[in-house]
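Step one of this worksheet: look at the structure below.
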Amino acid sequence: MSIEEGIDHRVDEDGIVHVVFDRPGDKVNLLTPAILREIAQLLDHLRGRADVRGLVFESAKPGVFLAGMDVEQIAAVEDAYRASEAARFGQAVFQRIADLPVPTACAIAGTCLGGGTELALACTFRVAADDPRVRIGLPEVQLGIIPGFGGTQRLPRLVGLASALDLILTGRRLDAARAARIGLVDKVVPLPYLSREVVALLRAAAEDPRGTLRSLRPRRSLGAALLESVPLLRRILLIRARRTTAARVRAADYPAPFRALDAVDAAFSTPSGQGFDVEARLVGELVPTRTSKNLIWLFKSQTALKKAVDSGAAPRKVRRIAVLGAGIMGGGISQIAADRDLPVRLKDIRYEALLSALSTAGGIWRERIRKGQIAPREVGQRMALIAPTLDDRGLALADLVVEAVVEDLAVKQKVLAAAEERIGERAVFASNTSSIPITEIAAKALRPERVVGLHFFNPVHRMPLVEVIAGQRSSPEAMATVHRFAVDLGKTPVIVRDSPGFLVNRVLMPYLNEAIRLLSDGVRIEVVDAAATSFGMPMGPFALLDQVGLDTAHHVAHVLHAAFGTRIGPTTPTLGSLIAAERLGAKNGRGFYVYRNGRRAGEDGKVYALAHAPARRDLPVETLQERLVLAMVNEAALCLEEGVGREPRDVDVAMVLGTGFPAFRGGLLRHADDLGIAVVVDRLSRLADAQGERFRPARILREMVREQRKFYPA
Ligand code: NAD
């Protein structure tokens, strides 16, 4: 067997076959049709060999077992028949593993996802290393498809219906201990003993298969067993799961979790074997959908954005950081850094801010304990990594300083000057400013080449995006350092040009503005928000404004108005009068909506008078969506024209991750491509004539129509 395809095997002295995955030239192992064929050939080759007593799948790569099917292969399939046939082939290969007369196992010492998990499910045993890199799961729904190599059939039989649905419908990944708890993994052993333990297990199983299985597998509780064997109870569980899924996503936008429920249902309700057929047919339905193509494209784009920066500069190793300002953002950044085992020196000038930051971090971790995601002892360990301080002690040790003090240029410059006196010459200073140009912050710096922008989004622990900004004099090494730091924190970094509002806030602002204009035209707050959510936005513009805080939004609108003029500004008076009437949003219980116990409780009727809105006016939902969305498309096109976003991909990923722009649409510019650029320009021109110059199509859009170009060539 050739290692060129990424798979090799040897037979040891005990007659155990070791099949080793080692994809050449890559850090991860992936399944491909070629690898599946090699496994099939190997199984042929082993058939009838009396000296073979067992088989184990292993990986030669540290921290990775098998990260699933190569997404490029899935993305390339355009028709249902081919997709179903590919699933059937994978199913057939894995079935042959399940049918082997000798015991089989997977030795899992790292990432084991999708097809990797399905391979493991086809084996007699699964043994995992007690290693933090172990992650087991079926993330297919996150790519708009379902597990297609038997996962929807074998997982529920192994771990029970409820646990299986949880994994398949959310794509959640489990660590070794949690996988063992639900019975997905039979045994967890220290990493150095993994191989030895698996061989011992296979030897024991070869002597006494039933006894070995019984000794390992926990008996399912009576309740769980009942759930699966009594059809009525099973049906109730599935109906409930369908309802919870429908409350989360719409089937028309994200069909995969609903089809996954159909496939799992078939595992129990059809005669043996037919469930696999149903699974393959449903994979065929999903693979060619636009939703799946968009989700896979976003996944690939995020992976690409996390790769090293183009300059080739080596990042500086960040061993400890300092965070200046313990407010909402500084506290959040400290929490996620401690989460990744980084020691943090957290400085504020107010004692209460430090207390509040620690208590918020504690709250996030306690919630994770409640959900069974971390153990109680881990909270203490992580909390101990955050060292609060009111003075500058300990700053000198930091490799990276993240500044998150108030949004005021003079204060930021002062804080930078004070920090430069303390920190090492090579330490990087990253500002979390949301609107002040980095070049201005660094204007008086001793070492402006060490100053960069690192813009996190609120809430820091949930929002997956950061904007990385180079000032005029930022060095490639400083940029590479913060880029790597962001990736290490689990975020996707998008590099944007140093310009007012950077990328995401700038593109979002015309959308928020347009909502306020619609309000001034007499359209109801809830009607505007409903139009946005039915387009797929996670919340409407007014709900979002309340969440951000009207004062914060007003400030950003002001900055953008100063930079870009009428296109963005004239609605700020409405925000101003609401703020003057003490409406700040969710944080003080009143904004465009009224809040009771922190929950939205209907729109605030007084807002219409404060906004000088005329009598109620109803516009078709398509008109509302067109105005809201095309305002963003045009601004995004301008950002590309000015080089604020480097390429359409960056804009799309940033908008999906930073604002919740519907992922099933693939992003703002992919959506524009789907509409057709000529249609976009035509509608923008009509809107410009009817509503005002702010809609006048960007030059780049008009050029694209002339040259018959799209943002993404086919
Ligand atoms: P915040 O008001 O919650 O916190 C700022 C903290 O800085 C306060 O605790 C204050 O005491 C402290 N501070 C002031 N001067 C200081 C000094 N000299 N040294 C140390 N600490 C000092 O503000 P925030 O919302 O966390 O925002 C911080 C920064 O992050 C701002 O630049 C803001 O624009 C940016 N930002 C905010 C958001 C958001 O949604 N809140 C999102 C992205 C970026």
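Remember, it's 1-based here, ligands and their atoms both numbered in the order they're listed. Just so it is clear, the values below take in all heavy atoms, side chains as well, and ignore hydrogens, waters and symmetry mates.
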> Which residue from Ala404, Ser431, Gly325 reaches closest to atom 5 (C) of ligand 1 through any of its heavy atoms?
Replying inline: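 Minimum heavy-atom distance to atom 5 (C) of ligand 1 goes to Ala404.
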List, one per line, each side-chain donor-acceptor pair under 3.5 Å for residues 644-670, sequence neighbours excluded.
unit_1: Arg646; atom_1: NE; unit_2: Asp650; atom_2: OD2; d: 3.0
unit_1: Arg646; atom_1: NH2; unit_2: Asp650; atom_2: OD2; d: 3.1
unit_1: Glu647; atom_1: OE2; unit_2: Arg649; atom_2: NH2; d: 3.4
unit_1: Asp652; atom_1: OD1; unit_2: Leu668; atom_2: N; d: 2.9
unit_1: Asp652; atom_1: OD1; unit_2: Leu669; atom_2: N; d: 2.6
unit_1: Asp652; atom_1: OD2; unit_2: Arg670; atom_2: N; d: 3.1
unit_1: Asp652; atom_1: OD2; unit_2: Tyr712; atom_2: OH; d: 2.6
unit_1: Thr659; atom_1: OG1; unit_2: Met655; atom_2: O; d: 2.5
unit_1: Thr659; atom_1: OG1; unit_2: Phe661; atom_2: N; d: 3.2
unit_1: Arg665; atom_1: NE; unit_2: Phe535; atom_2: O; d: 3.1
unit_1: Arg665; atom_1: NH2; unit_2: Phe535; atom_2: O; d: 2.9
unit_1: Arg670; atom_1: NE; unit_2: Asn294; atom_2: OD1; d: 2.9
unit_1: Arg670; atom_1: NH2; unit_2: Asn294; atom_2: OD1; d: 3.1

Any idea which protein heavy atom is nearest [atom], and the distance to it?
atom                    : value
atom 16 (C) of ligand 1 : Val405 CG1, 3.6 Å
atom 14 (C) of ligand 1 : Ile349 CD1, 3.8 Å
atom 3 (O) of ligand 1  : Ile328 N, 3.1 Å
atom 37 (C) of ligand 1 : Met329 CG, 3.3 Å
atom 35 (C) of ligand 1 : Asn432 O, 3.3 Å
atom 32 (O) of ligand 1 : Glu407 OE1, 2.4 Å
atom 12 (C) of ligand 1 : Asp348 OD2, 3.2 Å
atom 4 (O) of ligand 1  : Gly327 CA, 3.2 Å

What side-chain donor-acceptor pairs closer than 3.5 Å can you find for residues 304-323, not counting sequence neighbours?
unit_1: Ser311; atom_1: OG; unit_2: Ala313; atom_2: N; d: 3.1
unit_1: Arg316; atom_1: NE; unit_2: Arg426; atom_2: O; d: 3.4
unit_1: Arg316; atom_1: NH2; unit_2: Asp399; atom_2: OD1; d: 3.1

> Are Ile374 and Arg382 close enough, and set up right, to give a side-chain contact (heavy atoms from CB on, under 4.5 Å), and what steps lead you there?
Replying inline: CA-CA 11 Å; Ile374 54 172; Arg382 288 175 203 196; 3.9 Å; yes
In ligand 1, which numbered atoms sit nearer than 4.0 Å to a non-hydrogen atom of [X]?
X      : value
Thr433 : 32 (O)
Lys412 : 31 (C), 32 (O)
Val415 : 17 (C), 18 (N)
His455 : 43 (C), 44 (C)

> Could you give the distance from CG (Leu550) to CG (Leu584), rounded to the nearest 0.5 Å?
Replying inline: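 Between atom CG of Leu550 and atom CG of Leu584 there are 7.0 Å.
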> Does the side chain of Thr439 pick up a donor-acceptor pair with the side chain of Gln472 at under 3.5 Å?
Replying inline: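 Per modelled atom types, Thr439 and Gln472 side chains form no pair under 3.5 Å.
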> Does a donor on one side chain sit under 3.5 Å from an acceptor on the other, for Glu407 and Ser435?
Replying inline: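 There is such a pair between these side chains.
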Are any of the side-chain nitrogens in [X] or [Y] under 4.0 Å away from the carboxylate oxygens of its partner?
X      : Y      : result
Glu449 : Arg473 : no
Arg506 : Glu635 : yes
Arg393 : Asp391 : yes

> With backbone taken as N, CA, C and O and side chain as the heavy atoms from C-beta onward, which portion of Ala353 lies under 4.0 Å from ligand 1: side chain, backbone, both, or neither?
Replying inline: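 Answer for Ala353: side chain.
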>> Go through it in stages, so that I can follow the logic: the residues are Tyr595 and Asn588, the test is side-chain contact (heavy atoms from CB on, under 4.5 Å), and I'd like the CA-CA distance, side-chain angles, deciding distance and then a yes or no.
In response: CA-CA 8 Å; Tyr595 294 79; Asn588 79 336; over 6 Å; no
>> Using heavy atoms and a 4.0 Å limit, tell me yes or no: is Phe457 in contact with ligand 1?
In response: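 Per 4.0 Å heavy-atom rule, Phe457 does not contact ligand 1.
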